[in-house]
Number of protein chains: 2
Amino acid sequence: MTDTLRERLAQSVRRLIDVTIRSEADEAAVAHALALVDQTVNLLSTRLMPGSFGVRTDSDGRTVVAGNVAIGLHNPIAPPLVVQQDTEGGVHADVHLGAGYEGPPGHVHGGMCALILDHVLGATAHQPNKPAYTGTITVRYLRPTRLGALRAEARVERIDGSKTYATGHLSNVDGVTVEAEGVFITPREHLGLGEPEPLSDTTR
Amino acid sequence: MTDTLRERLAQSVRRLIDVTIRSEADEAAVAHALALVDQTVNLLSTRLMPGSFGVRTDSDGRTVVAGNVAIGLHNPIAPPLVVQQDTEGGVHADVHLGAGYEGPPGHVHGGMCALILDHVLGATAHQPNKPAYTGTITVRYLRPTRLGALRAEARVERIDGSKTYATGHLSNVDGVTVEAEGVFITPREHLGLGEPEPLSDTTR
């Protein structure tokens with residue numbers, strides 16, 4: 001099984017989510033679509049992992065978080081975010097959010113903005129074998145965020161022991177739409193005081 | 001076209017999301033699944049609404065937000081949340097979050113917790129024909145939230161002109177896992193100073 005085939009399946013299911021919401025096809029077509037989806041579910045369900053995807057290790061020993069709701073390449077809910085490390089120590093992610101992420105008509109749900117900012121701010125605190133978890137995050141909505149192309153950016157403001165203080169924002173052609181600041185906690189055992197666990201730097 | 005058929009389609013696509021992540025079926029089965037999904041996308045795409053679902057009016061004159069990422073009955077990403085108004089003025093929603101909402105292994109992504117709390121806190125501020133939008137929300141993570149059954153609760157703390165101050169939390173068998181407080185803004189034109197727009201009380 002190549003990852004690529006499963007990634008392509010997730011990509012197709014992402015398109016299916018979009019057209020499930022937006023279809024104005026007639027009742028016969030929707031009934032046919034329903035039967036095809038149920039057939040697909042049965043086909044894929046012949047062997048299921050127990051529980052969720054979690055963190056796995058690929059054949060090259062790399063950690064894989066393909067089920068993650070923000071970045072998982074096998075998770076059709078994930079846009080997916082692709083977080084880039086910037087040379088100056090920040091991170092950013094360019095993402096396109098369509099009909100599936102709607103809150104107010106034509107706009108991204110405020111909670112979805114919070115999800116993306118939580119992930120991207122947290123990504124500043126993560127390092128290989130040193131996961132960090134959100135302690136507190138505050139999200140300020142400056143203006144509505146239209147569905148479409150967005151950039152999320154974040155950087156570390158300061159580090160105090162186990163706490164990383166990060167800030168960031170979402171922006172689009174309208175400018176900055178949502179700001180956030182958060183505190184991310186690195187568990188004590190990952191501060192050089194214990195054995196590092198084989199967790200990905202992008203697992204939250 | 002009955003809503004029920006489209007709701008059933010969204011329910012089946014929700015199951016498809018779950019098994020897309022969790023399937024360990026062989027490569028031939030995944031390739032077949034991919035072909036079936038692409039066929040379904042084509043079938044539903046014969047007629048698509050432009051843009052997103054937005055807010056529509058059903059044949060009984062009720063507003064429908066079926067595309068909403070938190071509560072939309074036609075949106076396979078939505079769990080969907082079903083927000084209940086409590087007699088004492090609060091709101092709550094019971095929800096089950098499975099593999100599709102994962103962050104840390106076996107746990108709900110912190111950003112997904114924020115999304116749900118944003119929606120449920122905001123629901124305290126919404127009234128028919130009087131929408132409210134998130135101004136600021138602060139989310140505090142007390143402990144990891146395991147995937148599974150959850151309750152989200154919120155209530156209004158006070159109202160000051162256009163601002164509604166709300167608090168709430170997520171809880172499960174482990175107790176309260178995440179707390180939030182937020183300020184929700186009712187636009188001036190909905191404060192009795194202008195014409196109410198035909199927006200749903202659950203649109204964000």
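Heavy-atom basis, side chains included; hydrogens, waters and symmetry copies ignored. Residue numbers begin at 1 in each chain, while the letters A, B, ... track the order of the sequences.
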> With a 4.0 Å cut-off, would you call Arg47(A) and Glu27(B) a salt bridge?
Replying inline: no

Measuring from [X]:[atom1] to [Y]:[atom2], what's the distance to the nearest 0.5 Å?
X         : Y         : atom1 : atom2 : answer
Arg140(B) : Thr138(A) : CZ    : OG1   : 8.5 Å
Leu9(A)   : Thr20(B)  : CG    : OG1   : 4.5 Å
Ser52(B)  : His107(A) : OG    : NE2   : 9.5 Å

Looking only at heavy atoms, what is the nearest atom pair of [X] and [Y], with distance?
X        : Y        : result
Gly51(B) : Ala99(A) : O-CB, 4.4 Å
Leu43(A) : Ala33(B) : CD2-N, 3.6 Å
Leu5(B)  : Ala31(A) : CD2-N, 4.0 Å

Which one wins on heavy-atom pair count under 4.5 Å against chain A: [options]?
options                                  : result
Gly67(B), Ser12(B), Ala114(B), Gly106(B) : Ser12(B)
Thr46(B), Val13(B), Ile21(B)             : Ile21(B)
Pro76(B), Ala78(B), Ala10(B)             : Pro76(B)

Going by heavy atoms in the side chains, are [X] and [Y] under 4.5 Å from each other?
X         : Y         : answer
Tyr141(A) : Asp118(B) : yes
Glu24(A)  : Leu48(B)  : no
Ile17(B)  : Asn75(A)  : yes
Asn42(B)  : Val19(A)  : no
Tyr133(A) : Pro144(B) : no
Arg22(A)  : Pro50(B)  : no
Asn68(B)  : His109(A) : yes
Ile77(B)  : Tyr101(A) : yes

> Is it the backbone or the side chain of Ile137(B) that comes under 4.5 Å from a heavy atom of chain A, or both, or neither?
Replying inline: both

>> With a 4.5 angstrom heavy-atom cut-off, is it the side chain or the backbone of Arg56(B) that approaches chain A, or both, or neither?
In response: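 For Arg56(B), the contact with chain A is made by the side chain alone.
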
Options [options], ranked by heavy-atom pairs under 4.5 Å with chain B, top entry:
options                                  : result
Val41(A), Leu142(A), Leu73(A)            : Val41(A)
Gly135(A), Ser45(A), Ala29(A)            : Gly135(A)
Val139(A), Thr40(A), Leu147(A), Val37(A) : Val139(A)

>> Listing request: all ring-ring contact (aromatic ring centres under 6.0 Å, His included) pairs with a residue in residues 8-65 of chain A, at least two apart in sequence or in separate chains.
In response: Phe53(A)-His74(A)

>> Keeping Glu102(A) on the side-chain end and Gly54(B) on the backbone end, is there a donor-acceptor pair under 3.5 Å?
In response: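 Yes, because the side chain of Glu102(A) sits within donor-acceptor range (under 3.5 Å) of the backbone of Gly54(B).
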
> Arg15(A) side chain to Asp38(B) main-chain N or O, any donor-acceptor pair under 3.5 Å?
Replying inline: no

